[in-house]
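Read the structure below first, then the notes.
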There are 2 protein chains.
Amino acid sequence: MIVLLLFLRRIILDMEKLFSNLTITVHPKIYLKDPESSDLGLRIIEHSILLVDEIGFEAFTFKKLGQRIGSNESSIYRYFENKHKLLLYLTNWYWGWLEYKLVMETYSINSPKDKLKQALEVITRPVEMDASFSHIDEVKLGQIVVNEFSKSYLTKEVDDENKEGYFSIYKRLIHRVRDMILEACPEYKHPASLASTVVDGALHQHFLMDHFTSITDCKKSSPPTVFFKHLVLNTLNIDA
Amino acid sequence: MIVLLLFLRRIILDMEKLFSNLTITVHPKIYLKDPESSDLGLRIIEHSILLVDEIGFEAFTFKKLGQRIGSNESSIYRYFENKHKLLLYLTNWYWGWLEYKLVMETYSINSPKDKLKQALEVITRPVEMDASFSHIDEVKLGQIVVNEFSKSYLTKEVDDENKEGYFSIYKRLIHRVRDMILEACPEYKHPASLASTVVDGALHQHFLMDHFTSITDCKKSSPPTVFFKHLVLNTLNIDA
DNA sequence: GCAAAAATAATAGTAACACTATCAAGTAGC
DNA sequence: GCTACTTGATAGTGTTACTATTATTTTTGC
């Protein structure tokens, strides 16, 4: 058993190495010029994560970002139309990255129930550092998603932007979780709602842990993963 | 049995009559001058609901609201410091109203499980008109809560404003649901997280029904209430 | 190694936003 | 009729969210 596990782990590590020069693909209409294509672009992404995390999306401006990276406001406008598009870029990147993690950490599991459990783990756990992408601080980006993601779709333009495909990575991730729910429990009637509730709810519980502790039971010693695993498995009548 | 039900219904109707001149109390530090205290104040509330629903919170300004109600921008500033405070006022009012509905529609139910079921009904159903408050369009206010509420707390000021008590009605509502969960199932370990997940999740599912239908199973014919009742009752091992 | 092309920086400018301050006009209570 | 209070009107300030133009630097193709 242990030998098998080590063997699987080996495959996974190889796989990760194989994909180590992988880049997360973001819908090209979100940017004017691909930020991965130049040094300035990479610095825009790197420091926008740090600055948004620091001062919040409302107070964030291209002017401040320019000052931070010693570059000009107008140069940043050549990469992104406005800060809303930049936020879309960052959150798209995050969901693409999480989808990659989800696939990597579940593809070798055959039992649908174990696969689902591992998926819940990936989706609800706190974000961990990933050395594969040197210009991105995944932990801070995770915080940005918790605090700002919903602002990217709670707009009057959401239907147009959805049609353009700006949210398709996010939706694809939820479809994956939905399909795993369905494989573990084919007769369940609300797999998509359950998947979206878990993904959105996990962000929400992480926020509550930081700011409204009286309306959550989650804490370091009993993280959201515990709550959501119990919730999903009981809902589907799967034994833990 | 039917006689008893009619009797209870009679009591409830009496009770509603009794409270018909009730006003929902909002934390006084949220406003500079009580909008319920003058005609202009009432018109500010009435038309801010219509205007925010129409153009969204981002595009909403006091100048536009002033034009709409034939009043001056500066006069509105005498009631609210800024539009963020006005949003807090509207959402506080909504949660206070929903709490009132929750209490009214559950207080006479003795069985903890039935009480919880009715609570889930109140919290997850679409908002319905309420003639008791003539200056408030509850349906549109409900839409505003779905689309804008999270923007009221996803800010850098959330901890300060929470300390001031700006979110206490919202938290109190969730505490009520948490307590009902606990009465129906005393051994359940995550009652607060479940309550907050249902309240937030209900708003989210309503949003998805309108904009991202592929990641929800909810629709007119199978509304969020069905999903959440099944979710909660199975999680708590209560038979429907 | 140099010219052309591309990328970036610098500067200026505009309309809207988010206010603050001041003063005038109306109105309500005593 | 005086006072206090409310509302309206006007003006002004600093910031935001851009756009446009021109200058400078960097890259690249030959």
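To find a chain, count down the sequence lines: A is the first, B the second, and so on, and within it residues start at 1.
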If only side-chain N and O atoms of [X] are considered, is one of them under 4.0 Å from the OP1 or OP2 phosphate oxygen of [N]?
| X | N | value |
| --- | --- | --- |
| B:Ser38 | D:dT6 | no |
| B:Tyr79 | D:dT7 | yes |
| A:Ser71 | C:dT8 | no |
| A:Lys63 | D:dA17 | no |

Atom [atom1] of [X] and atom [atom2] of [N]: how far apart are they, to the nearest Å?
| X | N | atom1 | atom2 | answer |
| --- | --- | --- | --- | --- |
| B:Phe80 | C:dT20 | CZ | P | 15 Å |
| B:Glu73 | D:dT10 | CD | P | 13 Å |
| B:Phe62 | C:dC19 | CZ | C1' | 10 Å |
| A:Ile76 | C:dA9 | CD1 | P | 9 Å |
| B:Arg78 | C:dC19 | CZ | P | 15 Å |
| B:Ile44 | D:dT6 | CD1 | C1' | 12 Å |
| A:Asn72 | D:dT22 | CG | P | 17 Å |
| B:Leu32 | C:dT20 | CG | P | 10 Å |

### Message
What contact category does B:Ser75 fall into here, base, sugar-phosphate, or nothing, at under 4.0 angstrom with non-hydrogen atoms?
### Response
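Result for B:Ser75 = base.
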### Query
Looking for any heavy atom pair under 4.0 Å, which part of the strands does B:Ser74 touch: base, sugar-phosphate only, or nothing?
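The residue B:Ser74 makes base contact.
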### Parallel, tilted or perpendicular, as decided by the 30° and 60° cut-offs, for the rings of B:Trp95 and B:Tyr170
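Tilted: the ring planes of B:Tyr170 and B:Trp95 meet at 30° to 60°.
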### Task
Please state whether the rings of B:Phe60 and B:Phe62 are parallel, tilted or perpendicular, taking 30° and 60° as the class boundaries.
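Rings of B:Phe60 and B:Phe62: perpendicular, over 60°.
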### Pairwise 5' ranking along DNA chain D for B:Ile69 and A:Ala59, keeping only the more 5' one
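Its nearest nucleotide lies further toward 5', so the answer is B:Ile69.
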### Query
Does some side-chain heavy atom of A:Leu40 sit less than 4.5 Å from a side-chain heavy atom of A:Ile69?
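Counting from C-beta outward, A:Ile69 and A:Leu40 do come under 4.5 Å.
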### Task
Please tell me which of the listed nucleotides, D:dT16, C:dC19, D:dG8, lies nearest to the side chain of B:Asn82?
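My answer, after comparing the listed nucleotides, is C:dC19.
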### Query
B:Lys33 has a side chain; which of C:dA18, C:dT8, D:dT6 sits nearest to it?
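In terms of side-chain proximity for B:Lys33, the closest of C:dA18, C:dT8, D:dT6 is D:dT6.
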### Query
Are the charged groups of B:Asp130 and B:Lys101 less than 4.0 angstrom apart, N to O?
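Result for this pair is yes, salt bridge flagged.
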### Query
Under 6.0 Å from the six-membered ring centre of A:Phe212 and within 45° of its axis: does the NZ or CZ of B:Lys171 meet both?
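Cation-pi check for B:Lys171 and A:Phe212: fails.
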